[in-house]
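When a ligand or atom number is given, it counts from 1 through the structure's own listing order.
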Amino acid sequence: MSTTVTTPTHVAIVMDGNGRWARARGLPRAAGHRQGAEALRRTITGAGELGIRYLTVFGFSSENWNRPAGEVQDLMGLMRHYLRSEIADLHAKGARLRVIGDRSRFDPDIVALIANAEDLTRGNDKLNLTLAISYGGRDEIVAAARALAADAAAGKLDPKSIDAAALTGRLFTADLPDPDVVIRTSGEKRLSNFLLWQSAYSELVFVDKYWPDFGKSDLEDAVHEFNRRERRYGAVG
Ligand code: FPP
């Protein structure tokens, strides 16, 4: 008897535990983030090999701006490096890059690197990689509600026509399917303001490893876990 494995269309990941990975080795937190970037590289390759079409990763939350200035600088440096060094490879692999979050707090050169990367890869569809950076789920929903309210106030929208689809259409993720699976590493079991609206029916998979140790086999395990779950969307199974 053979069992068919359903590949989730969209996998989203809270990449957690870089700091603890470094501390466990007596290394500075920056070393954990560097290894975290390596894990991201492995995971993107693994997702492509497994046929996952959409991968969204939480790289930096709106709350992460409150970390010590040195760590924020390290993370921004890593992002700069990532956007410069990885983009040609992503493009060659047929990946499209999107960045979701509040760009207004980034240095102008990072804003420009993001815009260039998005423009370069806009025509690709093999893997849709979305980096959530300076991202917060509540802020995203508030901005969407505000946009709908502004249209209603301007007489462009009948408030009675506002439904879930209308709000979905105003999110950063308007052109992405909802995640089938949300993975969080490091043993923490929270969403921490990640894709709050979009994960209403996602399967949550918690992995006991720190993010720098994550790789393709962990992604495969999550796909198998997803296959073991029965998704009912509130209906009877
Ligand atoms: C969580 O670990 C991780 C982050 C806040 C940053 C994630 C960044 C990377 C994976 C680097 C590569 C990313 C990009 C977009 C280039 P933590 O620092 O909260 O770890 P801790 O909870 O153990 O302290």
Visitor: Look at the aromatic rings of F58 and F194 and report parallel, tilted or perpendicular, splitting at 30° and 60°.
Guide: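 It falls in the parallel class, under 30°.
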Visitor: Taking only heavy atoms of N64 into account, list the atoms of ligand 1 that are under 4.0 Å away from them.
Guide: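 So the atoms of ligand 1 that pass are 5 (C).
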Visitor: Nearest heavy-atom pair of S202 and V182: which atoms, and what distance?
Guide: CB-CG2, 3.8 Å
Visitor: Residues two or more places apart in sequence or in another chain: which of them pass ring pair (Phe, Tyr, Trp, His ring centres under 6.0 Å) with F60?
Guide: W65
Visitor: R20 heavy atoms, cut-off 4.0 Å: which ligand 1 atoms fall inside?
Guide: 21 (P), 22 (O), 23 (O)
Visitor: Would you say N193's side chain and G137's backbone share a donor-acceptor pair under 3.5 angstrom?
Guide: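 Yes.
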Visitor: Relative to the heavy atoms of L78, which atoms of ligand 1 are at a distance of less than 4.0 Å?
Guide: 11 (C)
Visitor: Identify, by atom number and element, the atoms of ligand 1 in contact range of G36, meaning under 4.0 Å from any of its heavy atoms.
Guide: 10 (C)
Visitor: Just to verify, what does D178 make a salt bridge (charged side-chain N to carboxylate O under 4.0 Å, His left out) with, not counting sequence neighbours?
Guide: none
Visitor: Which protein non-hydrogen atom lies closest to atom 9 (C) of ligand 1, naming both residue and atom, and how far is it?
Guide: N18 ND2, 3.7 Å
Visitor: Quick test: of every protein heavy atom, which one is nearest to atom 11 (C) of ligand 1, and how far off is it to 0.1 Å?
Guide: H33 O, 3.6 Å
Visitor: Going by an N to O cut-off under 4.0 Å, is there a salt bridge joining R80 and D107?
Guide: yes
Visitor: Can you name the atoms of ligand 1, numbered from 1 with element, that are less than 4.0 Å from a heavy atom of W211?
Guide: 10 (C)
Visitor: Give the single entry among L75, D16, V57, L131 that approaches atom 15 (C) of ligand 1 most closely by any heavy atom.
Guide: L131
Visitor: Can you list the steps and then say if V207 with E225 is a side-chain contact (heavy atoms from CB on, under 4.5 Å)?
Guide: CA-CA 11 Å; V207 178; E225 178 60 30; over 6 Å; no
Visitor: Closer than 4.0 angstrom: is that true for some heavy atom of R29 and an atom of ligand 1?
Guide: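 Flag set, R29 near ligand 1.
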Visitor: So which heavy atom in the protein is nearest atom 20 (O) of ligand 1, and how far is it from that ligand atom?
Guide: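 Result for atom 20 (O) of ligand 1: G19 N, 3.0 Å.
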Visitor: Give the residue, atom name and distance (to 0.1 Å) of the protein heavy atom nearest atom 13 (C) of ligand 1.
Guide: L40 CD2, 4.1 Å
Visitor: Under a 4.0 Å threshold between the charged nitrogen and the carboxylate oxygen, would D74 count as salt-bridged to R34?
Guide: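 So R34 does not pair with D74 through a salt bridge.
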Visitor: Can you tell me the protein heavy atom closest to atom 7 (C) of ligand 1 and the distance?
Guide: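 Checked against all protein heavy atoms, atom 7 (C) of ligand 1 sits closest to G59 O, 3.3 Å.
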Visitor: Any salt bridge between D151 and R170, counting N to O under 4.0 Å?
Guide: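 The answer is yes: the pair qualifies as a salt bridge.
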Visitor: What are the atoms of ligand 1, with element, lying closer than 4.0 Å to any heavy atom of Y82?
Guide: 16 (C)
Visitor: Taking all non-hydrogen atoms of both residues, which atom of A174 and which atom of G169 are closest, and how far apart?
Guide: CB-O, 3.4 Å
Visitor: Considering only heavy atoms, which of R67, M15, H81 lies nearest to atom 19 (O) of ligand 1?
Guide: R67
Visitor: Taking 4.0 Å as the limit for heavy-atom contacts, which would you say applies to Y210 with ligand 1: side chain only, backbone only, both, or neither?
Guide: neither
